[in-house]
Chemist: 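Encoded as structure tokens, here's the structure I'll be asking about.
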Amino acid sequence: MSATSPAAVVVLAAGEGTRMKSKTPKVLHEISGRSLVGHVVAAARELDPQHLVVVVGHASEQVTAHLNAGDAVRTAFQAEQNGTGHAVRMGLEELGGSVEGTVIVVCGDTPLLSGETLGALAATHAADANAVTVLSAEVPDSTGYGRIVRDSATGAVTEIVEHKDATDEQRAIREINSGVFAFDGRLLADALGKVRTDNSQGEEYLTDVLSILREAGHRVGASVAGDHREILGINNRLQLAQARRLLNERLLERAMLAGVTVVDPASTLIDATVTYERDAVVHPGTQLLGTTHLAEDSEVGPNSRIEDTVVGTGARVDNSVTHSAEIGAGALVGPYAYLRPGTRLGAKAKAGTYVEMKNATVGEGTKVPHLSYVGDATIGDHTNIGAASVFVNYDGVAKHHTTIGSHCRTGSDNMFVAPVTVGDGVYTAAGSVITKDVPAGSLAVARGQQRNIEGWVARKRPGSAAAQAAQASSRETDGQS
């Protein structure tokens with residue numbers, strides 16, 4: 001915990017968000033791999049606060065369950081949404097009613113807000129010895145926002161004037177209130193007890209705390225965000241999409257500056273939780289989602305969806321979908337492959353064109369090149385699986401496992417009916433249905449004997465195109481003999 005780390009961060013996430021027109025609470029809508037409130041919590045944690053509490057209200061059980069799905073987050077319950085001041089009071093009560101030190105209050109629907117900006121707010125608050133420090137921003141168009149009015153001599157904030165109440169001179173001000181604040185915790189608790197509800201909404205407004213403290217002789221200051229877009233709140237699906245685009249641009253910029261080649265940023269999506277190493281390459285039309293990691297010199301895309309997947313050093317994923325998979329160093333995937341959860345490809349292994357894998361471990365140098373399904377299986381090293389093979393893992397009730405050894409050569413159009421074990425060095429004939437274990441070093445042939453019934457077409461399909469072609473072929477053969 002650094003010298004400027006706040007004593008507490010209070011995240012306001014109790015509102016319903018009716019303008020989203022959704023059964024999902026507003027703060028749980030997702031962009032770039034996290035919920036809106038998840039982005040805010042992640043930014044708050046960058047400050048290393050002593051306490052972090054999220055105030056929940058609407059759909060509180062759902063929001064609380066979401067927050068506790070990863071690292072547990074402390075929550076406070078606001079039974080009735082009686083304003084932002086009331087919400088902060090509920091948060092402080094969860095922490096014992098008062099906190100010694102800096103308390104930062106942030107809205108749960110501001111996913112673009114960075115830990116860096118919150119840190120600057122905390123540092124300004126401490127350096128200027130303010131009772132309250134407002135996070136402000138200078139915007140191109142301040143219409144509709146509360147204006148920050150400063151003392152021209154000291155730079156202190158004298159008031160926040162709402163647009164409808166502003167004079168023409170005040171409306172020309174481009175510095176606006178973000179709704180994010182740093183407070184002296186003891187003074188905040190005392191002032192919240194003095195907030196009145198004699199307003200048109202009958203609610204406790206947090207902004208009233210500023211005037212209460214200022215009238216008591218305390219200093220109110222402001223910290224200007226470097227990028228005004230960080231303070232944007234989300235109220236509808238249009239704003240959600242706009243924020244997603246802005247956040248995606250920020251995340252891709254971070255990746256490129258870290259040494260990742262993104263061939264076409266405009267067609268590439270990346271989640272905030274994705275990690276990468278230098279010299280990874282991302283081709284157009286690719287989505288990098290969840291906990292995906294791109295190792296050095298790996299190459300993914302074009303037109304690929306890579307989710308919760310580790311892509312090893314020098315591995316290549318082309319026009320494919322992967323989910324909860326591990327792709328070894330130098331391995332090849334695709335084009336048009338589908339790696340489902342539990343798939344682990346060894347170094348220099350291959351899952352080729354139109355190959356689907358699920359819960360499968362594939363050894364080093366092993367290749368499944370074409371048109372095959374490998375489910376619930378273990379395959380050893382340097383084995384080749386013939387085209388159009390199916391690992392028959394489901395008997396209609398339960399899933400069963402198939403094991404194939406190392407240095408095997410299985411024929412095309414094989415069916416491995418699990419549970420079955422194929423030993424090391426085995427060959428299997430094309431078209432075989434393997435239902436029994438095959439000892440190491442064997443050749444397995446499991447198919448019916450071929451029988452040709454000559455003249456069948458002429459007898460059973462007389463006059464057909466096939467019969468005419470066969471008759472012409474017979475005449476040609478007879479003429480050559």
Side-chain angles (χ1 to χ4, degrees), residues 316 318-321 325 327-328 330-340 342-396 399-457 460-461 466 469-470 473 477:
R316 177 79 169 90
D318 179 7
N319 281 276
S320 296
V321 175
I327 301 168
L332 300 176
V333 178
Y336 315 117
Y338 181 22
L339 304 189
R340 293 165 56 191
T343 297
R344 294 186 295 277
L345 288 183
K348 298 182 179 179
K350 181 176 183 178
T353 307
Y354 298 112
V355 169
E356 179 178 349
M357 293 184 176
K358 186 269 294 185
N359 192 29
T361 299
V362 179
E364 180 178 351
T366 286
K367 295 178 173 54
V368 186
H370 326 281
L371 301 160
S372 297
Y373 171 69
V374 180
D376 297 292
T378 300
I379 306 176
D381 299 335
H382 304 292
T383 283
N384 189 85
I385 303 298
S389 293
V390 176
F391 286 58
V392 186
N393 58 335
Y394 185 47
D395 65 7
K399 300 291 180 69
H400 301 281
H401 197 83
T402 295
T403 300
I404 295 182
S406 298
H407 299 283
C408 294
R409 299 292 182 267
T410 69
S412 295
D413 194 26
N414 274 195
M415 302 285 159
F416 298 96
V417 183
V420 68
T421 298
V422 176
D424 291 340
V426 162
Y427 279 62
T428 62
S432 292
V433 179
I434 306 298
T435 60
K436 298 178 182 179
D437 291 352
V438 182
S442 300
L443 168 65
V445 183
R447 61 191 184 200
Q449 292 295 317
Q450 180 172 326
R451 184 164 63 102
N452 298 334
I453 303 174
E454 296 188 12
W456 185 91
V457 172
K460 297 296 185 180
R461 301 290 187 269
S473 178
T477 302

Chemist: Would you say the side-chain atoms of Asp424 pair up with the backbone N or O of Ser406, donor to acceptor, closer than 3.5 Å?
Modeler: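 Such a contact is found between Asp424 side chain and Ser406 backbone.
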Chemist: What distance separates Met357 CE from Tyr373 OH, expressed to the nearest 0.5 Å?
Modeler: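 So the CE of Met357 and the OH of Tyr373 are separated by 11.0 Å.
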Chemist: Which heavy atom of Asn384 sits nearest a heavy atom of Pro369, and at what distance?
Modeler: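 So the minimum-distance heavy-atom pair works out to OD1-CG, 3.9 Å.
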Chemist: Which atom pair, heavy atoms only, marks the closest approach of Ala388 to Ser372?
Modeler: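 For Ala388 and Ser372, the tightest heavy-atom pair comes out as N-OG, 3.4 Å.
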Chemist: Taking atom types as modelled and ignoring hydrogens, do the side chains of Glu454 and Asn452 form a donor-acceptor contact shorter than 3.5 angstrom?
Modeler: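 Judged by distance alone, the side chains do not pair up.
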Chemist: Taking all atoms of both residues into account, what is the closest heavy-atom pair of Val355 and Val368, and its distance?
Modeler: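 Of all heavy-atom pairs spanning Val355 and Val368, the closest is CG2-O, 3.2 Å.
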Chemist: Checking the side chain of Thr366 only, and the main-chain atoms of His382 only, is there a donor and an acceptor separated by less than 3.5 Å?
Modeler: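 Here the side-chain-to-backbone pair exists.
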Chemist: May I ask you to test the Asp395-His400 pair for a side-chain heavy-atom distance under 4.5 Å?
Modeler: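 A side-chain contact under 4.5 Å exists here.
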Chemist: Could you tell me which non-hydrogen atom of Leu339 sits nearest to which non-hydrogen atom of Ala351, and how far apart they are?
Modeler: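 So the minimum-distance heavy-atom pair works out to CD2-CB, 3.9 Å.
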Chemist: Can you check whether Thr378 reaches His401 side chain to side chain, under 4.5 Å on heavy atoms?
Modeler: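 Yes; the side chains approach each other to less than 4.5 Å.
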Chemist: Would you confirm whether Thr428, through its side chain, and Gly411, through its main-chain N or O, come within 3.5 Å as a donor-acceptor pair?
Modeler: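 Yes, Thr428 side chain to Gly411 backbone: donor-acceptor pair under 3.5 Å.
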Chemist: For a 4.5 angstrom cut-off between non-hydrogen side-chain atoms, does Lys358 reach Asp376?
Modeler: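 Lys358 vs Asp376: side chains touch.
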Chemist: What are the two closest heavy atoms between Ser320 and Ala337, and how far apart are they?
Modeler: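 That would be OG-N, 3.1 Å.
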Chemist: How many angstroms lie between atom CD1 of Ile327 and atom CG of Leu332, to the nearest 0.5 angstrom?
Modeler: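 Reported value, rounded in 0.5 Å steps: 10.0 Å.
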Chemist: Please examine the side chains of Ile379 and Ile385, heavy atoms only from C-beta on, and report whether any two atoms are closer than 4.5 Å.
Modeler: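 Yes, their side chains come closer than 4.5 Å.
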Chemist: Could you tell me the separation between the OG1 atom of Thr402 and the CZ atom of Phe391, rounded to the nearest 0.5 Å?
Modeler: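 If we round to the nearest 0.5 Å, Thr402:OG1 and Phe391:CZ are 6.0 Å apart.
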Chemist: Are the side chain of Asp437 and the backbone of Thr421 linked by a donor-acceptor contact shorter than 3.5 Å?
Modeler: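 Answer holds: yes.
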Chemist: Of all the heavy-atom pairs spanning Ala446 and Ile434, show the shortest one and how long it is.
Modeler: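 It is CB-CD1, 4.3 Å.
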Chemist: Taking Asn414's backbone N and O only, do any of them form a donor-acceptor pair with Ser432's side chain (distance below 3.5 Å, no angle check)?
Modeler: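 Side chain of Ser432 to backbone of Asn414: no pair is present.
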Chemist: Atom CZ of Phe416 and atom CD1 of Ile404: how far apart are they, to the nearest 0.5 Å?
Modeler: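 Reported to 0.5 Å precision, the distance equals 4.0 Å.
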Chemist: Check whether any side-chain N or O of Ser412 sits under 3.5 Å from a backbone N or O of Gly386 as a donor-acceptor pair, and report yes or no.
Modeler: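 Answer holds: no.
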Chemist: Given 3.5 Å as the limit, does a donor-acceptor pair link the side chain of Arg447 with the main chain of Ala430, or not?
Modeler: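 Yes, the answer is positive, given that a donor and an acceptor are paired below the 3.5 Å cut-off.
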Chemist: Are Tyr338 and Thr343 side-chain neighbours, meaning at least one heavy-atom pair lies under 4.5 Å?
Modeler: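 SC-SC contact between Tyr338 and Thr343 ruled out.
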Chemist: Return yes if some donor-acceptor pair links the side-chain N/O of Thr383 with the main-chain N/O of Cys408 below 3.5 Å, else return no.
Modeler: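 Between the backbone of Cys408 and the side chain of Thr383 there is a qualifying donor-acceptor contact (under 3.5 Å).
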Chemist: Salt bridge or not between Lys348 and Glu364? Use side-chain N to carboxylate O under 4.0 Å.
Modeler: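 Answer for the salt bridge query: no.
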